[in-house]
Amino acid sequence: MEKKSDFEKRLRRHHDELRWLYMELYGNDDMFFELCSQMNRFYEERSAALKKRDARKEADPEWFRKKDMLGMMLYIDNFAGTIRGVERRLPYLESCNVNCIHLMPFLDVTKGKSDGGYAVSDFRKVREDLGTMEDLSRLTEKCHEKGINVCMDFVMNHTSEDHEWARRARAGEGEYMSRYFFYDNPEIPREFEKTVPQVFPTTAPGNFTYLQDMGYYVMTTFYPYQWDLNYANPRVFNEMMYNFLFFANLGMDIIRIDAVPYIWKELGTPCRNLRQVHTIVRMMRMIGEVVCPSTVLLGEVVMEPQKVAPYFGTVEKPECHMLYNVTTMATIWHTLAVQDTSLLKKQLDTVCRLPREYTFLNYLRCHDDIGWGLDFPFLQGQGMDEVSHKRFLNDYYTGKFPGSWSRGELYNDDPVTQDARFCGTTASMCGIESAGFEQDEEKMDHAVRMDLMLHAYMLFQSGIPMIYSGDEIGQVNDYSYKEDPDKCQDSRYIHRGAFRWDLARKRTGKKSVEGRIFQGLKLLEKIRGQEKVFDGDADVWTYDTHIKEIMCVIREKDGERAAGIFNFSWEDFSVSVYPGETGTDMRTGESVQTREIPVKAHDFRWIRIR
């Protein structure tokens, strides 16, 4: 009797649920049969090395939750010029203790209409200036040899207007028009607009674009050159799953699903977070587990933790393996500005109550702007009005508010709603840019301390820490984007500048800003990788010090306990944590009196409690 392949065994495990969900959405047996046949084809084409990787990671399904996981997100061109350039820079990434690199969008786009790479014109072609698919495959192989996982963006919600499907749709081919949302009756787009919020009300108002040459409206949630895909069409789902499996076969370990909540559209709804989205992500999870189980899903869902949680699915029927801790990122910067940790504590308490299997990806900054999507009902209880508080935060981080050291720029500043988002690097927001400009050494020492404190908090949270390339050396804002006609209208490029290799060479110095930040982070990463309390299944909770400026987090595993104490204010404090116990500073090894632990302004302590 012929031995069943791993594919057959995995498909048998998932077939009935996969078929049930597929038929619920599409009711099309032929298309489901085609999907399964193509899944088998991609499995057969998967390399022997990747199948071995599948077996190893399938045997250790929690591999991505290990305490030594540390990610870095980077733009290929900014970091190293080309994909081959990234390969040559792998030793640098190893020196950063990084074992996961998130390659920001690298697929083919139209110059001047790319939205930072998120308007894909060809899902099977790398941007010519970056290299080729062969280069990408080689890079993943080299990364795997060094124990580095590779993550990429998978833009499911839309394509560029220059994608082949869009070009054929624009030529009037019905088969391709059905892959998007086309309406010749303006009443239907008007009905959609009644219930669908705008993503970019200033730079790209509305959710539809009128195509004069066709006489049709097409749905464009983000930008006019990004056409939303119609997932009610099974051909769209199937073809996008084949693209997903294509990238998995190139060696992608983590596939980031861009703009997950937007995937399904329906008239009379907000076209956000509809139940069909969960069906699609659940099917995607199962397809991956059948064909490429070493590839995991990272969902981009921009909401507070309790509303993000449904995208994990359930323990029995999981969806995304990981989700971004988006709101906490914004709340960290709010906390720094107001010197009050109560909202941050409330959100961390929420995260700690979620099942341990739920894995968040934590970060201070990313490629995007900071939107102030804070818990305003909670803040209103503290006397903070939403409009005025957002204005305060934007004034604070652009350096307009008295006493602020931050530097940066606004994005999508709306004079009508008085709402805006903020752009800037971590270092510039902490004052490293302004201190350098003023050549103020005392101010610089404080700014570096603030930068390390925020990173220490990120590393102490539950989940996977992700560093934005350049933050490890304190790279500041890059204003040169204003001289580029393709970028000058998008202030997000202020923190998307080219990596400064000249500054990176200073990372071994003890007195340079780059060296202090790089070596400070390296020590924390070393501690995190060695200590049992940082295991993914450790118990984590907040500890009330009764000082609103202080955030205290406790981690415990197998009787070992550690306290992370973070000072978000401009004042020094003495903090009592488990008084009467024995404490040891995890960075220095020195003994600490737990009844009175000194913490400088914008500093932190990692204390082992015995």
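Under a cutoff of 6.0 Å and an axis angle of 45°, Lys51 and Tyr43 form a cation-pi pair.
Partner of Tyr324 under the side chain to side chain contact (heavy atoms under 4.5 Å, CB included) criterion, out of Leu298, Val301, Val260: Leu298 alone. When Ser95, Cys96, Ser512 are each tested for a side chain to side chain contact (heavy atoms under 4.5 Å, CB included) with Arg507, only one passes: Ser95. Residue Glu409 is tested with Lys400, Arg421, Lys482 for a salt bridge (charged side-chain N to carboxylate O under 4.0 Å, His left out); the sole match is Lys482. Among Tyr180, Phe222, Phe181, Tyr176, the one residue that satisfies the ring pair (Phe, Tyr, Trp, His ring centres under 6.0 Å) test with Trp227 is Tyr180. When Arg500, Lys506, Arg505 are each tested for a side-chain hydrogen bond (donor to acceptor under 3.5 Å, both in side chains) with Asp502, only one passes: Arg500.
Salt bridge Arg124/Asp122: absent, no basic N to carboxylate O contact under 4.0 Å. In summary, Glu289 and Arg285 engage in a salt bridge, as defined by a charged side-chain N under 4.0 Å from a carboxylate O. Electrostatic pairing of Arg167 and Asp162 does not count as a salt bridge here, judged by no charged N lying under 4.0 Å from a carboxylate O.
Aromatic rings of His367 and Tyr118 (six-membered ring for Trp) have centroids within the 6.0 Å cut-off, being under it. Taking the six-membered ring for Trp and the full ring otherwise, Phe422 and Trp333 have centroids separated by 6.0 Å or more. No close placement of the Tyr363 and Tyr468 rings is indicated, their centers lying 6.0 Å or farther apart.
Using a distance-only test at 3.5 Å, with no hydrogens or angles considered, no donor-acceptor pair links the side chain of Thr203 to the main chain of Asn412. No donor-acceptor distance shorter than 3.5 angstrom exists from the side chain of Lys146 to the backbone of Pro91, with no hydrogens or angles considered. Judged purely by atom type and a 3.5 angstrom limit, Asp451 has no side-chain atom pairing as donor or acceptor with the backbone of Ala447. Judged by distance alone, the side chain of Thr140 and the main-chain N or O of Leu250 form a donor-acceptor pair under 3.5 Å. The main-chain N or O of Thr331 is found under 3.5 Å from a side-chain atom of Thr335 such that the two form a donor-acceptor pair. A donor-acceptor pair under 3.5 Å is formed between the side chain of Thr295 and the backbone N or O of Met252. Without hydrogens or angle criteria, Asp153 side chain to Met104 main chain gives no donor-acceptor distance under 3.5 Å. Between the side chain of Arg46 and the backbone N or O of Ala248, at least one donor-acceptor pair lies under 3.5 Å. With hydrogens and angles disregarded, no donor-acceptor distance shorter than 3.5 Å links the side chain of Thr209 to the backbone of Thr220. Side chain of Glu472 to backbone of Leu521: no donor-acceptor contact under 3.5 angstrom is found.
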Query - Full working for salt bridge (charged side-chain N to carboxylate O under 4.0 Å, His left out) between Lys265 and Asp228 - result: CA-CA 9 Å; Lys265 314 296 193 304; Asp228 290 52; 3.1 Å; yes
Requested in this report: Evaluate side-chain hydrogen bond (donor to acceptor under 3.5 Å, both in side chains) for Asp115 paired with Gln226, printing each intermediate quantity in order.
Outcome: CA-CA 9 Å; Asp115 185 26; Gln226 290 169 304; 3.1 Å; yes
Requested in this report: Assess whether salt bridge (charged side-chain N to carboxylate O under 4.0 Å, His left out) is satisfied between Asp490 and Arg492, documenting all intermediate values.
Outcome: CA-CA 5 Å; Asp490 190 339; Arg492 290 176 297 180; 2.9 Å; yes
Requested in this report: Decide yes or no on side chain to side chain contact (heavy atoms under 4.5 Å, CB included) for Leu393 and Ile370, but give the supporting numbers first.
Outcome: CA-CA 11 Å; Leu393 289 172; Ile370 298 178; over 6 Å; no
Query raised in the report: side chain to side chain contact (heavy atoms under 4.5 Å, CB included) between Met429 and Leu454: does it pass, once the steps are laid out?
Result: CA-CA 11 Å; Met429 294 177 76; Leu454 295 177; over 6 Å; no
Requested in this report: Check the pair His495, Asp369 against side-chain hydrogen bond (donor to acceptor under 3.5 Å, both in side chains), reporting the backbone distance first and the verdict last.
Outcome: CA-CA 9 Å; His495 53 255; Asp369 55 89; over 6 Å; no
Report task. Apply side chain to side chain contact (heavy atoms under 4.5 Å, CB included) to the pair Met450 and Ile432, showing each step before the final yes or no. Result -> CA-CA 9 Å; Met450 187 189 304; Ile432 289 174; over 6 Å; no
**Report entry** Worked verdict on His321 versus Thr359 for side chain to side chain contact (heavy atoms under 4.5 Å, CB included)
**Finding:** CA-CA 7 Å; His321 297 79; Thr359 303; over 6 Å; no
**Report entry** side-chain hydrogen bond (donor to acceptor under 3.5 Å, both in side chains) between Thr426 and Arg365, worked out
**Finding:** CA-CA 6 Å; Thr426 297; Arg365 290 297 294 112; 5.2 Å; no
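Side-chain contact between Cys423 and Tyr493 is absent, with no heavy-atom pair separated by less than 4.5 Å. Counting only heavy atoms from C-beta outward, the side chains of Asp135 and Val126 never approach each other to under 4.5 Å. Within the 4.5 Å cutoff, the side chain of Lys526 has no heavy atoms near those of the Asn97 side chain. In this structure the side chain of Ile257 reaches within 4.5 angstrom of the side chain of Met156, judged on heavy atoms. For the pair Asp258 and Arg256, the minimum side-chain heavy-atom distance is below 4.5 Å. Counting heavy atoms from C-beta on, the side chains of Thr159 and Val120 never come closer than 4.5 Å. Side-chain contact between Phe534 and Leu459 is absent, with no heavy-atom pair separated by less than 4.5 Å. Side-chain atoms of Tyr262 and Val277, non-hydrogen and from C-beta on, never get closer than 4.5 Å to each other.
The nearest pair of heavy atoms linking Lys511 to Arg516 is O-NE, 3.3 Å. Pairing each heavy atom of Met69 with each of Asn99, the nearest pair is CA-OD1, 3.5 Å. The two residues Cys143 and Leu90 come nearest to each other via the heavy atoms SG-CD2, 3.8 Å. Of all non-hydrogen atoms in Ala504 and Phe499, the two that sit nearest each other are CB-CE2, 3.8 Å. Closest approach of Trp372 to His334, counting heavy atoms only: CZ3-N, 4.2 Å. When all heavy atoms of Ala119 and Ser160 are compared, the closest pair comes out as O-CB, 3.4 Å.
Remark: the Ser434 side chain and the Lys443 side chain contain an N/O donor-acceptor pair separated by less than 3.5 Å.
In this structure, Phe247 and Phe154 have perpendicular ring planes: the angle between them is above 60°, well past the 30° mark. Relative orientation of the Phe312 and Phe360 rings is perpendicular, given thresholds of 30° and 60° on the angle between their planes. Taking the six-membered ring for Trp and thresholds of 30 and 60 degrees, Trp165 and His163 have ring planes more than 60 degrees apart, a perpendicular arrangement.
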Quick one: side chains of residues 71-78, donor-acceptor pairs under 3.5 Å with protein atoms, not counting sequence neighbours, listed by atom name and distance.
residue: Tyr75; atom: OH; partner: Arg496; partner atom: NE; Å: 3.3
residue: Asp77; atom: OD2; partner: Arg127; partner atom: NH2; Å: 3.3
residue: Asn78; atom: ND2; partner: Arg496; partner atom: O; Å: 2.6

